[in-house]
Structures are given as structure tokens and as C-alpha cells.
Amino acid sequence: MKIVQIIQSETRDACEKLFSFTPQDRQIQVQLTNKDFEGQLTVVVFPLTKQAKLAPEACGEKLGQYFAEHVPEITGYNIIKGFLNLTIADRYWSDAVQQALKTGNYGFSEPDSKPLVLVEYSSPNTNKPLHLGHLRNIFLGYSVAEILKAAGHQVKKVQIINDRGIHICKSMVAWKHFGKGETPESSDMKGDKLVGKYYVAFDRRHKAEIAEEMEDGLTKEEAEKNAPIMREAQQMLQRWEQKDPEVVELWQKMNGWVYKGFDETYAKMGVDFDHLYYESETYLKGKQEVARGLEEGIFFQKEDGSVWIDLSDEGLDQKLLQRSDGTAVYMTQDIGTAIQRNDDYPQISKVVYTVGNEQEYHFKVLFAILKKLGYEWAENCHHLSYGMVELPEGKMKSREGTVVDADDLMDEMIGSAQSIAEELGKLEGMSEEEQQVLYHQIGLAALKYFLLKVDAKKNMLFDPVESIDFNGNTGPFLQYAHARISSLLRKAGDNAQKNVSENISLIEAERQLALKIDRFPDVLSEAANNQSPAELANFLYELVKDYNHFYQVVPVLKEENEDLRAFRIQLSKATAVILKKGLKLLGIESPQQM
RNA sequence: GGCUCCGUAGCUUAACUGGAUAGAGCACCGCACUACGGAUGCGGAGGUUCGGGGUUCGAAUCCCUGCGGAGUCACCA
């Protein structure tokens, strides 16, 4: 049994025997001992004092005595104010580390032992390339999915591709006008970039036309709608919904270019999906639901034919579900997609939508609508919301043109990794190809770790220079620690297999490191519960810091006492194992040499 | 304006969900080590946790209020 659980259950027993009451779980608080005091784990006695009818110190003293007498794993205690600090037996730590090494997939739960969770992430529009904002989304969604898997859930990674709508029509119209038949091949351009170029071209023309119309006396709003190129895009959307062959063919062609480009980008990111959903395949289901809701009086129709829902009784507004010209909007297809997924996977226990916090309102509305439509599983839908990524120069927003392209950023990170690695010159014996792989691993680690270590709900600032700095709380710093331990383990040979005698005496640095190793399974399940890669990332950083400290203060391979040497090698190995698995859950590779 | 989220050292951030003297990294100053990989470790300085009230044994965390920032309230997605 884990030491934390032992302490919890012994505290309960002690309360029953000493004070004649049974505490609630929440009254038993075990936390890490503050580093200024002796001990590794601490029981907070305040919550118990009232029912124990004792002052905090006296209460702690009684508990401490009880532990010293009844619990072999506890060898000492001290009380500071209302905190009972416990010193755990060295024997426990050495056993725990050996146990961790013997356990296959240490920290992970039995695969598929928990119900199915769908994790949606990325969800791109097919009218432009992926950018910095997508990176946070994609790394976050991927990592949450991997963490849930590690915690034993069945997981499907899904993506909804927003492949239809006015946005793609804009690119299509612009390509028809200005494209002169340009293709990714003819221009040697990635397909998503090419289509993005025409989206920008549309916008430029649209703005010019608005200016003209406004000179003719129209208001800005009127001009925006009335601009010829915009009207053309809207007509194209209607023709698309009517399955006009010419429009459909162009749509397929341009989307095909985009998918090819996305696939390349996803491959570079190292992420994947189990099931792709296309808005073009689910929006009709959404429209059916809109029709049904209208019939049943859940929705209502305005004079112009547009369909709405009134959610003002829930503190929300009225929301459009279908345009007056009969075409579908974003909400329409999201309704259809949600239903489709539950049809595909009836055993779903939860759906996680990884989408930026600017869409919080949208998802509130969506879930409310699904509930009104009578779908009880609406309760299981969860919006995993994350904050904006800003850059040092100012905010990054796609509509304002200051986008940072995902491919460009990744390439830049890989380039930085290369120049730093070359300068350090430690890659002897690696082939050119291996080196390229390594630069990629390091560059992506810097990027992923930096984006994931911050609490998802916060807006964050991405500083490319700081992220690749290999000191401090960064991905490459963790990778380096792993590479260094790997090197040490290569030299250690089979020493790690040796059983350690029972009576070694440890120093505090070793206990602290063992404590971290012991806690890993709990941290992992907490990260899963909270859908928080950041918790895992910060734990790994703490682990590495404790390891580096340990590594600095005692010899490992040069230790003369055989038992101690073996134990230290095991500590190193357990650290490396956890580090590698933990980083993997963040989507980060752990090279052997760097 | 309504609603939601955020505000912690110069900068980037953490705080086990209400627990000890609010931890770290970067930058700055200093130190250790023939180092098992220095992409290291140790120390110093740097905080009225945006201001003001309240709740309690105890508040960065919960409540009220003011200020500041972001998002949203589209026949965009």
C-alpha cells in the first residue's frame, strides 16, 4: 500500500481509538512536508481538533505517538503548530522504488478498464493553414487524450473538419476569379497555404468593394453584404447545398489540397486521430433536427424564414439555427455532429471538446439546445476551454493578419534546436539522419512543453526564445536530464537488477526523489481527472529538479557500498522511466543522446 | 452595457483545490565541482498575491465591492 494511503487509514483508526469519532475523508489531509522541516509527509491536524476536543499541538502529539507505536513505516514525527510532520522509514522508500521498477507500465491503469471518452481537438476550417492558436489546441487535446488513456479510459481522438460554409466558399470564389488555374503542383506551394492565399485575396477584394459602395452612400453594414464578391460567395454556398456539380467539384478539389497540407502538418506535430467527422456529412442531420425542433415548438421561425431558439429563460439569448435562405450555420452542424457521434458510439461516457475560450458561449448554447431536444447525454458533453496564445510583439489573432503559421513556427524551433546542438557539439557518432530526427524532437519538445506547462484556462504568452532556452522549466531541460540518466545507465550495466539489502540508510535527497517516484501514479490520475497536462508537466519538472540535486550531492556509479550503489542506480532508472513515459503523454520524445 | 474568464517578484509562471515563512525559471549578483554528460548544483537579492471590506483556527484561493485586462453577446466559424 502507498504510504499516503497508509497514513490516511491510520489517521482514521487513530481518531476512532483515541478520540472516539470517525473523521470524513476530507478531514484527513496529507500533504508534502514543507522543505524547511524534518519529514516527508505531513498530516494537517486542524480539521480534527474540534471533534478530538484538543488543542492542535496536543492533538498532533497524540496522533504522532500513535503512529510511532503502531505504524512501522513511520519512524519519527515532529509537530509545528497544527502540522504533524512524519519521517518515513528508509526501508519504505527503497521498497517503493524497487516496486516501481518491477511494475510493468508503472503508474498506468489497466487499458480500457474505464469507459469511453471522445476527445475532439484541432477542428480546423478548410480555408487556411493552421496557426499558433491551433498548436495549443492540438497539443492540449492530444495530451489530454493520451493522459486519459494512461488512466485506463477507452479513448477516441476525433476531429470535426469544418469543410463547408461561407468561409470555404470565399476561397473558392477568389480562386475562380484570380487563380488562373493555379494548383499546389504548379506553384510548388502546400495546398493549405495556397487555399489560404485565396482566402486573403477574397478579403482584400471584399474590402475594396466595401470602400467603393460606401462612397456611393451605403452604410458599412449594407456595403459588406452588398459587395458583389460577397454575394457571389453566398450564392455559391446555396449552390453547394443544392449539390451543383460544378461547385461540388471545385469544393472537393480545393479541400483535397488542404487535407494534403494538413496531413503534412499533423505528421510534423506527431499527432493523430481515430475518427474524422466532416461537417459536410453531419450538417444535414443538424438540419433535420432543426426541422424536428421547429415542429415540436422547441424552436421558432421569424417572418423571413430564419429559425431561432429562445434561451432567455436560461440567461442566454436568442440564437440563430438556420439562415433565412435555408442554409445551415455553425450551430446547425454541431448539433448534427453531436448526435452522429452518439449514434456511432452509444457507449460514450463523455465528450471533451477542445476549443478556445472565445467559444464558451457557443458551447453553453449548444449543450442547452441538445438538452431541450431531449438528449440526456448532453450532460456528458464538456467544453475543454483554453486561453489565447499571445506573442511578445502583441496579440495573435487570425482575423487581423498577424498570424504565426504553424509550419513556420515548428521549422523555426527545429532550426534553433539544431544551431544550439551544433554549438554544444555532443552528437558524435550520430548519422546526419539521426541528427535531423533529434533536432525535430528537441524543437517540438520546446514548443509543446512551453504550451502545455501553463494552466490551459489562462491566456498565455509564447516566447519562442525562452521556450528553446535549455535551462529552466523547458522541454529540452527535461530531455537533457533523461539523456544524461540514459548515459549513466548504459555504464551501469546490470547493476539495476540487483536486490538491495534491507538496511541501507538514505539521505534526504534520496528520500525526496523516492517520494516523487512514489507519487507518480497519483499525479497521473489527478491529471486525468482534471484534464490537465500542465499538472503532469510541472510534476515532471519537479522530478527532474530533485533528480539533478540528488545527482549533484552523491556519487552513483562511484559509490563504494554495493547496496547503496544499486539503490542509486535504481533511483536513476525509475526517474528515467517516469520521465520518458510522462513526456510521451505530453507528446514529447525522450532521446538517448543529445 | 449584460454575461464569462483572468490579475501573483522586472518578465514567464506554480501553489496538491481553504493550510505552515506564497514556490520556481529567466534576467541580475555571488559561490561549488578534475564533471558518473556543465544543457549542472548551491546561495543572495527581488512579493502589501491589483485596491478595499467580509467569512474562519487559517485566504492568492470562498463572498461582496471598486479598478485594470481579455473574450463574448453575428444570417462568421
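Side chains included, hydrogens not; waters and symmetry mates left out as well; all remaining heavy atoms used.
- The same atom, C1', is picked in B:rC28 and in B:rA45; the two are 9 Å apart, to the nearest Å.
- A sub-4.0 Å separation between OP1 or OP2 of B:rG37 and a side-chain N or O of A:R490 is absent.
- For the pair A:Y121/A:F139, no side-chain contact is recorded, criterion being any heavy-atom separation below 4.5 Å from C-beta on.
- Among the heavy atoms of the strands, none lies under 4.0 Å from A:A534.
- With RNA chain B read from its 5' end, the first of the two nearest nucleotides for A:E535 and A:N162 is the one closest to A:E535.
- Using C1' as the reference atom, B:rA27 and B:rG10 are 8 Å apart when rounded to the nearest Å.
- Each of A:M594 and A:D455 lies near RNA chain B, and the nucleotide nearest A:D455 is the one positioned closer to the 5' end.
- Between A:R205 and A:E209 there is a salt bridge, since a side-chain N of the basic residue sits under 4.0 Å from a carboxylate O of the acidic one.
- For A:K558, taking side-chain heavy atoms from C-beta onward, the closest of the listed nucleotides B:rU4, B:rU12, B:rC36 is B:rC36.
- Salt-bridge check for A:E559 with A:R568: passed, with a basic side-chain N closer than 4.0 Å to an acidic carboxylate O.
- Under the Watson-Crick or G-U wobble criterion, with both distances below 3.5 Å, B:rC3 is paired with B:rG71.
- For B:rU17, the glycosidic angle deviates from 0 by 90° or less, giving a syn base.
- If you check distances only, the side chain of A:E360 never reaches the base of B:rU72 with a donor-acceptor pair under 3.5 Å.
- Among the nucleotides B:rG19, B:rG37, B:rC5, the one closest to any side-chain atom of A:K457 is B:rC5.
- Residue A:K458 places no side-chain N or O under 4.0 Å from the OP1 or OP2 atom of B:rC6.
- Between the C1' atoms of B:rA9 and B:rA60, the separation comes to 14 Å (whole Å).
- With both ends at atom C1', the span from B:rU13 to B:rU56 equals 30 Å, rounded to whole Å.
- Remark: A:F299 CZ to A:K319 NZ distance equals 13.0 Å, nearest 0.5 Å.
- For B:rG25, the paired base is B:rC11 (Watson-Crick or G-U wobble, both distances below 3.5 Å).
- Between A:H549 and B:rC42, a side-chain N or O to OP1/OP2 separation shorter than 4.0 Å is present.
- For the pair A:D192 and A:K128, the salt-bridge criterion is not met [side-chain N within less than 4.0 Å of a carboxylate O].
- In this entry B:rU55 has no Watson-Crick or G-U wobble partner, no candidate having both defining distances under 3.5 Å.
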**Report entry** Annotated protein contacts, base or backbone, on nucleotides 20-27 of chain B with a non-hydrogen cut-off under 4.0 Å, one of B, S, - each
**Finding:** BB-SSSS-

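- The aromatic ring centres of A:F477 and A:Y449 sit 6.0 Å or more apart.
- With both pairing distances under 3.5 Å, B:rG37 is matched to nothing as a Watson-Crick or G-U wobble pair.
- B:rA14 and B:rA22 have their C1' atoms separated by 9 Å, given to the nearest Å.
- The pair A:R164-A:E281 fails the salt-bridge criterion, with no side-chain N (NZ, NE, NH1 or NH2) lying under 4.0 Å from an Asp/Glu carboxylate O.
- For the residue pair A:Y361 / A:D317, a side-chain donor-acceptor distance below 3.5 Å is found, with atom types taken as modelled.
- Across B:rG41 and B:rG25, the matching C1' atoms stand 15 Å from one another, rounded to whole Å.
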